[in-house]
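The sequence lines fix the lettering, A, B, ..., with proteins before strands; numbering per chain opens at 1. Side chains are part of it too, since the values below use all heavy atoms of this structure and drop only hydrogens, waters and symmetry mates.
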Amino acid sequence: MSEANPSVGNTSAAPTTLGGATLAEVARPRRSLWSDAWRRFRRHRMAVAGAVVFLLLAIGVIAGPVVWHGDPRKIDFARSLQPPSRVHPMGTDDLGRDVLARVMLGGRVSLSVGMAAMLIATTLGTLIGAVAGFLGGSVDSILMRITDLFLALPVVPLLLLLIFLFRDSLRRTFGAETGIFILIVTVIGALNWMTVARLVRSSFLSLKQKEFVEAAHALGVGELTIMFRHILPNTLGPIIVAATLGVGAAIITESVLSFLGLGFPPDTPTWGRLLYEGQNFLDFAPWMVLWPGFLIFLTVLSINYIGDGLRDALDPRSRL
Amino acid sequence: MGRYILRRLIFAVPTLLGISLVIFAILALAPGDPLAQFAADPSVPPEAREQIRESLGLNDPWYIRYFKWLTALFRGDWGYSFASRVPVLDLIAQRLPQTLQVVGVAYLVSILIAIPIGIISAVRPYSLFDNLATTFAFIGFSVPTFFTGLVLILIFSVRLNALPFIYDSTLRVTDWETFVRQVRQMIMPVTVLALFQTGSLTRFVRAAMMENLPADYARTARAKGLSEQVVVLRHVFRNSMIPVVTLLALGVPTIFTGAIVTEQIFRINGIGELLIKSIQNSDTPVVMAITFIFAVLVVFFNLIADVLYGVLDPRIRYD
């Protein structure tokens, strides 16, 4: 990352050659790495659109209930399976509950699962990759063997197996909702850290040979400080990209689990769970499926575009 | 070449052992007693239960149980399904053809779509076609398979009444009429799986082609006076296929995972549907066997990807 900013050198050389442009060049504010990245990100139109859509969705599901006073859990059989109307903008489900309110509640769960799982996966991956890349030698080869092993694990079947086996005991210890949340988030996180670990490891391998690390060693800086204060910040670009894309993948994984009936309990309407409940009413109440499904799609699509833009902005060398 | 393949094969063994250990550990650590159904049964006295435990080897230490389980696995003795009292392997053998059929056709379709789109996109980057293809690819890998499945059912089965939404796996193709019915019932599941796979594949073909188009050998071919078509299709395309082919091998397990959802939506009685049903019935031997099969698939196709890479690209063959 340190050499990803050659334009700073160019601007200082400009005044001697271009007489007319000197003033403008000098007046230009100093560019930092992050403002440079932000400038590149803004040029990626779809990524900006994705960021706006994602922010709107996040605000919608978090702050939505302040504006919309529908009760996601109030059962009213007299109002069951009503099509979208002014009273219920997204219609009602088979038990007469307001779909909009349920979608907001579900969106909060889905987004927090995505974020939390991503945090676990990224932290785990960064730690393992940093240790492997920094220490090298036998530690590195053991950790990379483990990474390879995890990459060969079949994620969805294993998730299903783990949830099937541990669901009841966690439910008893932490309560239905928290227990499943902890389980799903941990398992998704624990099965998705490998990409980050590999990225961080390879960055560490090349960075630890650099002069600034040598300088830090010479100054007597401790190993841990070198790892986390000097090398780690230089690997942030690819980590951020992988983490962003990881949120989308985690949201999809959670919704797949819920859709298969093995995710959250029925009273927690995550987007996937809403689809699972709605699929039997597809022929006469399609709105029960279309809204949550469309929102999953929109969220993941915007996250993928943000990730693409971030890759262009932060990690220009590895474009897909 | 033989040595290279052999080395790869030997590397796969510890991975498989590791995976089997992970699966075994998960089951061993899991709460719950495999004899729970007997515990509730008053006609089975505690002494008898203890005898069953002893005879099943449940009182042995974990490494002995793991070793026994592993040797049984190798002998092809995968146990019996709790739910249907049929050997697990027979059950899986019954289900596998349906899964393979849908997954195979879907994969073929997505390859046939992705390669031409990827090539055109790479030859004319940032053109209208490329932008459309890029958007399509992003949609393809952002939309969850269960949502596409339900939307397709809504459009083609509920609204248009054109395609059946329940897969009839008892259908035997004997004549033209049954063949048409088979094709009709496969359209939607195949589309769902193919859409999901095509997106990322298109991007990958495009990236590989873009990398090779400005390469020196392509310039040489053009300088020789070859037509652009020959340069792209004979020279650049072949070299770009090296990473694509390995990606194709690596993608096979993913499409099998995708099949779990698709089979659930269209009620195809493949192994994915069997997995979900067995989980709901707490049918542990079947769940384990299918999870293990998925793991073997991953390792096997990793191996194939490695070997193909070596065959196609002699530069990286030996170390």
Can you tell which part of [X] gets under 4.5 Å to a heavy atom of chain A, answering side chain, backbone, both or neither?
{"X": "B:L275", "value": "side chain"}
{"X": "B:V151", "value": "side chain"}
{"X": "B:P253", "value": "neither"}
{"X": "B:T291", "value": "both"}
{"X": "B:I276", "value": "side chain"}
{"X": "B:I290", "value": "neither"}
{"X": "B:T254", "value": "neither"}

Select, from [options], the one with the greatest count of heavy-atom pairs under 4.5 Å involving chain B.
{"options": "A:G261, A:S255, A:G248", "value": "A:S255"}
{"options": "A:I163, A:V289, A:L301, A:T299", "value": "A:L301"}
{"options": "A:I296, A:L161, A:L298", "value": "A:L161"}
{"options": "A:F150, A:Y276, A:F294", "value": "A:F294"}
{"options": "A:I146, A:L162, A:I251", "value": "A:L162"}
{"options": "A:L153, A:L290, A:L262, A:V156", "value": "A:L290"}

Parallel, tilted or perpendicular: which describes the rings of B:F146 and A:F259, with under 30° parallel and over 60° perpendicular?
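Answer is parallel, since the angle falls under 30°.
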Over 60° means perpendicular and under 30° means parallel, so tell me whether A:Y305 and B:F138 are parallel, tilted or perpendicular.
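Taking B:F138 first and then A:Y305, their aromatic rings lie parallel (interplane angle under 30°).
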Where on A:L151 is there a heavy atom nearer than 4.5 Å to chain B: the side chain, the backbone, both, or neither?
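Only the backbone of A:L151 comes within 4.5 Å of chain B.
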Between A:M46 and B:T134, is any pair of side-chain heavy atoms under 4.5 Å apart?
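No, every pair of side-chain atoms sits at 4.5 Å or beyond.
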A:M194 versus A:R198: any side-chain heavy-atom pair under 4.5 Å?
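No, side chains not in contact.
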Regarding A:S258 and A:T270, do their side chains bring together a donor and an acceptor under 3.5 Å, going by distance alone?
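Yes, a side-chain donor-acceptor pair sits under 3.5 Å.
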For B:E263 and B:T99, does a side-chain donor sit closer than 3.5 Å to a side-chain acceptor?
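Yes, side-chain donor-acceptor contact under 3.5 Å.
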From A:L314, A:D312, A:D308, residue fulfilling side chain to side chain contact (heavy atoms under 4.5 Å, CB included) relative to A:L310:
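Going through A:L314, A:D312, A:D308 one by one, the side chain to side chain contact (heavy atoms under 4.5 Å, CB included) with A:L310 is satisfied by A:L314 alone.
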Go through B:L16, B:I139, B:V299, B:I265 and name the one with the most non-hydrogen pairs under 4.5 angstrom from chain A.
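Highest number of pairs under 4.5 Å: B:I139.
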Only pairs of heavy atoms separated by less than 4.5 Å count here; which of B:L297, B:T257, B:I279, B:T15 has the most with chain A?
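The residue among B:L297, B:T257, B:I279, B:T15 with the greatest pair count is B:I279.
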Ring-face cation contact, B:Y126 with B:R206, 6.0 Å cut, 45° max:
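Checked: cation-pi criterion met.
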Heavy-atom closest contact (B:M188 atom, B:S157 atom, distance):
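Nearest pair, atom of B:M188 first, then B:S157: CE-OG, 3.3 Å.
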Would you say CZ of A:F41 has more than 12 non-hydrogen atoms from neighbouring residues, nucleotides or ligands within 6.0 angstrom?
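Yes, because the 6.0 Å sphere around CZ of A:F41 holds more than 12 heavy atoms from other groups.
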